[in-house]
Undergrad: 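Please find one structure pasted underneath; my questions will follow.
Convention: sequence-line order gives letters A, B, ...; per-chain numbering from 1. These values consider heavy atoms only, across backbone and side chains, with no hydrogens, waters or symmetry-generated copies.
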Number of protein chains: 2
Amino acid sequence: PVRTGDGLSDSEREDDKEGKTIYMVSDGTGWTAEHSVSAALGQFDHCLVDHGCSVCTHLFSGVDDIERLIEVVRQAAKENALLVYTLADPSMADAARKACQLWGVPCTDVLGPITEAISSHLGVSPSGLPRGAGGRILLSEDYFQRIEAIEFTIKQDDGALPQNLRKADIVLTGVSRTGKTPLSIYLAQKGYKVANVPIVMGVELPKALFEIDPHKVFGLTIDPVVLQTIRKSRAKTLGIAEQDLHNYAQMGYVKKELEHAGKIFAQNPSWPVIEVTSKAIEETAAVILRLYSDRKQKRSLPSISKRY
Amino acid sequence: PVRTGDGLSDSEREDDKEGKTIYMVSDGTGWTAEHSVSAALGQFDHCLVDHGCSVCTHLFSGVDDIERLIEVVRQAAKENALLVYTLADPSMADAARKACQLWGVPCTDVLGPITEAISSHLGVSPSGLPRGAGGRILLSEDYFQRIEAIEFTIKQDDGALPQNLRKADIVLTGVSRTGKTPLSIYLAQKGYKVANVPIVMGVELPKALFEIDPHKVFGLTIDPVVLQTIRKSRAKTLGIAEQDLHNYAQMGYVKKELEHAGKIFAQNPSWPVIEVTSKAIEETAAVILRLYSDRKQKRSLPSISKRY
Ligand SMILES: Nc1ncnc2c1ncn2[C@@H]1O[C@H](COP(=O)(O)O)[C@@H](O)[C@H]1O
Ligand SMILES: Nc1ncnc2c1ncn2[C@@H]1O[C@H](COP(=O)(O)O)[C@@H](O)[C@H]1O
Ligand SMILES: [Mg+2]
Ligand SMILES: [Mg+2]
């Protein structure tokens with residue numbers, strides 16, 4: 001039920017008064033606060049969907065001086081907003097808490113509790129420096145790996161250069177509009193080189209797909225009715241007229257093509273097949289990475305591990 | 001200082017005993033817990049960099065039954081780990097807390113506090129249902145917008161089809177290796193259609209760049225020494241030998257090309273120029289979106305607003 005806005009027009013701002021407002025404030029990008037708020041809002045889907053409790057969020061990033069912080073809190077007070085903050089400098093976090101108390105703004109500190117827990121776990125004090133303040137330069141191995149993964153994945157999109165399937169960490173395959181591209185990009189951002197191979201009836205699959213390590217291949221499948229809806233919308237975006245659609249979004253064809261994919265999957269039983277119908281991109285990504293690390297680790301509790 | 005691992009080998013697992021361990025558990029994808037932990041770990045950069053306090057994280061996603069949850073907590077106890085969890089079902093969150101108490105595992109609830117704060121703000125009880133349990137189907141307007149933005153951005157990459165600059169929400173320009181591609185992709189995931197136009201000495205820029213709304217164009221610049229390092233690494237990846245590098249990574253050329261870009265930026269004073277040298281991709285993205293919404297809203301406190 002999310003609608004992304006680039007700021008609200010005046011008429012939309014009026015509507016605010018009907019819904020509740022959440023302010024998010026960070027001395028950094030604000031993405032951490034946004035991510036947590038959006039996960040928590042998932043717990044209110046039952047009333048968000050029917051607008052029983054419509055919510056408007058405002059994200060203030062780069063708030064690294066006390067004056068701007070106070071201005072944001074004052075504005076939150078005016079709009080009866082909830083304030084969610086991530087402020088690395090303890091004096092800023094303190095100021096936020098106190099200003100909220102003063103003006104009766106309910107507030108939640110997203111960074112403090114977890115930083116404290118980590119601090120006592122490590123036996124090390126937090127720096128209190130906001131992101132970027134350390135002046136660190138980002139040419140780590142990890143930085144280059146991520147960039148390389150993104151560039152690889154973009155170039156590989158839609159089955160280009162089958163000889164490169166060998167170089168991919170993960171290979172996705174499925175019929176058109178099962179979400180291979182956005183999923184590939186999502187995984188690439190996490191540092192994995194992803195290639196994807198479309199399954200199209202009457203088009204032979206690249207031989208390389210059957211020659212590479214089958215443990216890195218994942219099949220995607222989807223409910224035919226949902227797929228048809230997506231394809232119709234796709235056709236509209238592309239400006240294809242209804243009568244010119246031929247097979248692409250016809251139910252008979254959609255079903256046959258999914259069956260065709262199903263047969264290929266059955267012939268390659270070591271490819272896990274993931275049903276994407278009611279999954280968000282990040283959910284499918286989580287399932288794939290869970291299976292991926294499971295296959296690599298062969299432990300009873302597969303996990304994605306990172307070293308910092 | 002992050003190294004992404006696909007599970008650890010046995011010899012790496014040995015090293016664990018030298019550093020501290022953080023377990024992350026979610027009934028969903030685990031990305032929220034991971035994002036919070038990684039932001040909080042930023043507060044310990046001062047000792048992570050020199051490995052004074054090395055940390056290994058393990059992410060357990062899709063933990064939606066009590067048996068697996070208890071197994072993870074038990075394992076955390078064995079490894080003396082800190083446990084960070086996001087569990088929507090209150091009885092699961094309770095079980096995590098109690099099991100941690102029983103086995104002396106320090107733990108932090110990342111979802112509970114913010115969900116409670118939102119609950120009292122909205123005056124609505126949380127569903128207690130993990131992500132995906134609602135069986136919702138994701139064909140929202142927002143879903144299609146995000147997919148379209150990603151596909152647009154991939155197709156536009158690297159200055160392809162200048163006539164499409166008009167259709168972009170955001171246009172990035174800068175010399176090679178200022179990070180236009182990964183930044184474009186990051187913004188696309190947030191729902192913005194991004195085009196990027198490389199600045200190369202001796203190559204004319206597309207006319208369209210100067211004809212579109214200048215308020216959506218952003219210049220990227222970078223320190224020449226850092227750029228040279230990135231280009232050298234790039235050249236290695238591409239397998240270009242040192243002597244064949246010609247100009248690309250030569251300091252004299254790098255400086256001249258940055259000056260050339262600087263002149264173009266000076267001639268287009270309404271394009272903000274962003275220094276990316278010590279910024280992570282998501283930091284540059286935050287700066288751009290802050291300026292972008294500032295230009296759209298013309299309010300004293302620019303914010304990125306969303307409606308749920
Ligand atoms: N690498 C980092 N170093 C220091 N602090 C960080 C780092 N990453 C995130 N933070 C802090 O964590 C909070 C959330 O970051 P952000 O998601 O950028 O809003 C902010 O208070 C940041 O200052
Ligand atoms: N759309 C959603 N609906 C319900 N719960 C959600 C939603 N998104 C995230 N959550 C919950 O928020 C926590 C973090 O989600 P995740 O980032 O997927 O681990 C988990 O407990 C999820 O169950
Ligand atoms: Mg934040
Ligand atoms: Mg989580």
Undergrad: Do Glu283(A) and Trp31(B) have side chains that approach each other closer than 4.5 Å (heavy atoms only, starting at C-beta)?
TA: no
Undergrad: Is chain B contacted by the side chain of Pro106(A), its backbone, both, or neither, given a heavy-atom distance below 4.5 Å?
TA: side chain
Undergrad: Would you give the length of the straight line joining atom CD1 of Ile147(B) to atom CG of Leu183(A), rounded to the nearest 0.5 angstrom?
TA: 9.5 Å
Undergrad: Where is the tightest heavy-atom contact between Ile150(B) and Pro182(A), given as atom of each residue plus distance?
TA: CD1-CB, 3.9 Å
Undergrad: Side chain, backbone, both or neither: which part of His121(A) has a heavy atom under 4.5 Å from chain B?
TA: both
Undergrad: Name the region of Ser36(A), side chain, backbone, both or neither, that has any atom closer than 4.5 Å to a heavy atom of chain B.
TA: both
Undergrad: Using heavy-atom distances under 4.5 Å, tell me whether Ala188(A) contacts chain B through its side chain, its backbone, both, or neither.
TA: neither
Undergrad: For Thr108(A), is it the side chain, the backbone, both or neither that has a heavy atom under 4.5 Å from a heavy atom of chain B?
TA: side chain
Undergrad: So, taking the atom named CD1 in Ile154(B) and the one named CD1 in Ile185(A), what distance separates them when rounded to the nearest 0.5 Å?
TA: 3.5 Å
Undergrad: Minimum heavy-atom separation for Ser61(A) and Arg290(B), please, with both atom names.
TA: OG-NH1, 2.7 Å
Undergrad: Would you say that Ile230(B) contacts Phe144(A) through its side chain, given a criterion of any heavy-atom pair below 4.5 Å between the two side chains?
TA: yes
Undergrad: Within a strict 4.5 Å, meaning less than it, do heavy atoms of the His46(A) and Val124(B) side chains meet?
TA: yes
Undergrad: Heavy-atom distance under 4.5 Å between the side chains of Thr29(A) and Val287(B), does that happen here?
TA: no
Undergrad: Taking the side chain as everything from C-beta on, heavy atoms only, tell me whether Arg131(A) gets closer than 4.5 Å to Glu282(B).
TA: yes
Undergrad: Closest approach of Ala40(B) and Ile118(A), non-hydrogen atoms and distance?
TA: CB-CD1, 3.8 Å
Undergrad: Is the shortest side-chain heavy-atom distance between Pro113(B) and Pro113(A) below 4.5 Å?
TA: no
Undergrad: Select one option (side chain, backbone, both, neither) describing which atoms of Val110(A) are under 4.5 Å from chain B's heavy atoms.
TA: side chain
Undergrad: At a 4.5 Å cut-off on heavy atoms, which part of Val55(A) comes close to chain B: side chain, backbone, both, or neither?
TA: both
Undergrad: Can you say whether the rings of His35(B) and His35(A) are parallel (under 30°), tilted (30 to 60°) or perpendicular (over 60°)?
TA: perpendicular
Undergrad: Using salt bridge (charged side-chain N to carboxylate O under 4.0 Å, His left out), reason through Arg234(B) and Glu148(A) one step at a time and then give a plain yes or no.
TA: CA-CA 9 Å; Arg234(B) 165 69 167 180; Glu148(A) 208 191 318; over 6 Å; no
Undergrad: Any side-chain heavy-atom pair from Tyr308(A) and Cys56(B) closer than 4.5 angstrom?
TA: no
Undergrad: Using only heavy-atom distances, determine whether the side chains of Ser305(B) and His58(A) contain a donor-acceptor pair under 3.5 Å.
TA: yes
Undergrad: Distance from Lys155(A) atom NZ to Asp157(B) atom CG, nearest 0.5 Å?
TA: 8.0 Å
Undergrad: Distance check, rounded to the nearest 0.5 Å: Gln43(A) atom CD versus Ser119(B) atom OG?
TA: 10.0 Å
Undergrad: Find the distance between OH (Tyr23(A)) and OG (Ser303(B)) and round it off to the nearest 0.5 Å.
TA: 7.0 Å
Undergrad: Select one option (side chain, backbone, both, neither) describing which atoms of Arg177(A) are under 4.5 Å from chain B's heavy atoms.
TA: side chain
